[in-house]
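Take a look at the structure set out below.
Numbers restart at 1 for each chain; the letters A, B, ... are given by sequence-line order, proteins then strands.
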Number of protein chains: 2
Amino acid sequence: MSESKAKTPSEQRETVDGSELFSLLGKAHTMAILREILLGDSSSVRFGELQEALDISPNTLSRRLDELVEVGFLERTQYDEIPPRVEYEATELLGALEPTFRELEQWMATHGAEQLGCPE
Amino acid sequence: MSESKAKTPSEQRETVDGSELFSLLGKAHTMAILREILLGDSSSVRFGELQEALDISPNTLSRRLDELVEVGFLERTQYDEIPPRVEYEATELLGALEPTFRELEQWMATHGAEQLGCPE
DNA sequence: CCGTATCCCAAGAGATACTG
DNA sequence: CAGTATCTCTTGGGATACGG
């Protein structure tokens with residue numbers, strides 16, 4: 001079992017200011033990504049999975065994931081295998097927000113919004 | 001007591017889709033505005049108040065308010081007086097989101113974010 | 001497989017000046 | 001007082017091609 005994981009050094013700031021955070025939430029695909037990870041079947045997701053499920057161009061998805069890691073919402077784990085594998089999963093920080101998240105979804109369901117994320 | 005109110009006709013859609021909504025939340029000053037109205041002392045706010053309190057240029061503030069009215073978060077009431085007066089207040093729709101909103105604030109307080117909104 | 005590097009185009013935010 | 005009209009500048013996202 002040579003797992004050989006490697007968490008990205010990730011210069012994650014301990015403090016995140018609110019404006020930055022909400023601005024990130026409003027960016028394209030962010031909510032869809034979080035939804036996939038937080039409310040999806042598995043607790044972790046691979047790059048390709050997201051790309052396929054949400055139909056995002058790789059550069060945009062990459063940026064979004066970076067940002068989410070940077071604010072401390074996601075944790076990136078890289079497995080040194082061939083072919084390469086990378087998993088993203090929710091941090092505790094984000095986990096603490098899950099109830100709120102579900103509440104939001106509930107609210108949306110009540111008011112005619114079909115689903116989160118998925119611009120266009 | 002010549003009140004002479006006038007609610008803006010407001011072509012408010014009944015259904016709002018999630019992406020549009022989160023995108024709006026992420027736009028500059030949106031959260032700050034909602035915070036001011038939802039968690040502020042008074043339940044209604046005037047244009048000038050917001051402009052002063054949040055330091056936003058009038059055109060941007062105007063756009064933001066329009067959008068918030070359009071998605072059904074705010075209600076605009078115009079008083080036909082001189083000088084003109086306009087009040088914005090939270091709709092029931094937004095009101096239903098207040099617990100979630102407070103939860104979010106709580107979450108932020110716990111994690112080092114000082115305040116919502118206020119970009120830069 | 002999981003990205004990065006470029007280029008281009010569109011949306012958005014601020015400054016400023018002006019109007020009902 | 002409460003906005004609108006422009007204009008400009010920046011940011012952001014999609015497409016595509018390529019790299020470890």
> Of all the choices, D/dA2, C/dC2, D/dT16, which nucleotide is nearest to the side chain of A/Pro58 once you look at every atom?
Replying inline: D/dT16
>> I want to confirm an ordering. Mapping A/Asp66 and A/Pro84 to their closest nucleotides on DNA chain C, which one lands closer to the 5' end?
In response: A/Pro84
> A/Leu61 CG to C/dA5 P: how many Å, rounded?
Replying inline: 16 Å
>> If I take atom CZ in residue B/Arg64 and atom P in nucleotide D/dG3, what distance separates them, rounded to the nearest angstrom?
In response: 15 Å
> Taking C-beta and beyond as the side chain, do A/Leu38 and A/Phe101 meet within less than 4.5 Å on heavy atoms?
Replying inline: yes
>> Distance check needed: C/dC2 P versus A/Asp80 CG, whole Å only.
In response: 13 Å
> Between atom CD in B/Gln78 and atom C1' in C/dG20, what is the gap in whole Å?
Replying inline: 11 Å
> Which one, C/dA13, C/dC2, D/dA2, comes nearest to the side chain of B/Phe47?
Replying inline: D/dA2
>> As a test of reading the structure: which of C/dG14, D/dA2, D/dG14 is closest to the side chain of B/Ile56, going by heavy atoms?
In response: C/dG14
> Salt bridge check: are A/Glu89 and A/Arg76 linked by an N-O gap of less than 4.0 Å?
Replying inline: no
> For the side chain of B/Arg76, counting heavy atoms from C-beta on, which of D/dG3, C/dC1, D/dG14 is nearest?
Replying inline: D/dG3
>> One character per nucleotide, please: for nucleotides 6-11 of chain D, 5' to 3', B when the base has a protein heavy atom closer than 4.0 Å, S when only the sugar-phosphate does, - otherwise.
In response: B-----
> Between CD1 of A/Ile56 and CZ of A/Phe47, what distance do you get to the nearest 0.5 Å?
Replying inline: 8.5 Å
> Tell me: CD1 of B/Ile82 to P of D/dA2, nearest whole Å?
Replying inline: 14 Å
> Is it true that B/Lys27 and B/Glu67 make a salt bridge, defined as a side-chain N closer than 4.0 Å to a carboxylate O?
Replying inline: yes
>> Can you tell me if B/Ser62 touches the phosphate of D/dG3, counting only side-chain N or O atoms and a distance under 4.0 Å to OP1 or OP2?
In response: no
> Can you list the steps and then say if A/Thr100 with B/Glu103 is a side-chain hydrogen bond (donor to acceptor under 3.5 Å, both in side chains)?
Replying inline: CA-CA 7 Å; A/Thr100 308; B/Glu103 219 175 284; 2.5 Å; yes
>> Just the rounded figure in Å: distance from P of D/dA2 to CD of B/Gln51.
In response: 9 Å
> Do B/Phe73 and B/Leu97 come within less than 4.5 Å of each other through their side chains, counting heavy atoms only?
Replying inline: yes
> Of all the choices, C/dC2, D/dG3, C/dT4, which nucleotide is nearest to the side chain of B/Val86 once you look at every atom?
Replying inline: D/dG3
> Starting at CZ of A/Arg46 and ending at P of C/dC2, how long is that distance when rounded to a whole Å?
Replying inline: 4 Å
> C/dC2, D/dA2, C/dG14: which one has an atom nearest the side-chain heavy atoms of B/Ser57?
Replying inline: C/dG14
>> Counting neighbours of CG on B/Asp55 that are heavy atoms of other residues, nucleotides or ligands and sit closer than 6.0 Å, is the number greater than 12?
In response: no
> Rounding to a whole Å, what distance do you find between A/Tyr79:OH and C/dG3:P?
Replying inline: 13 Å
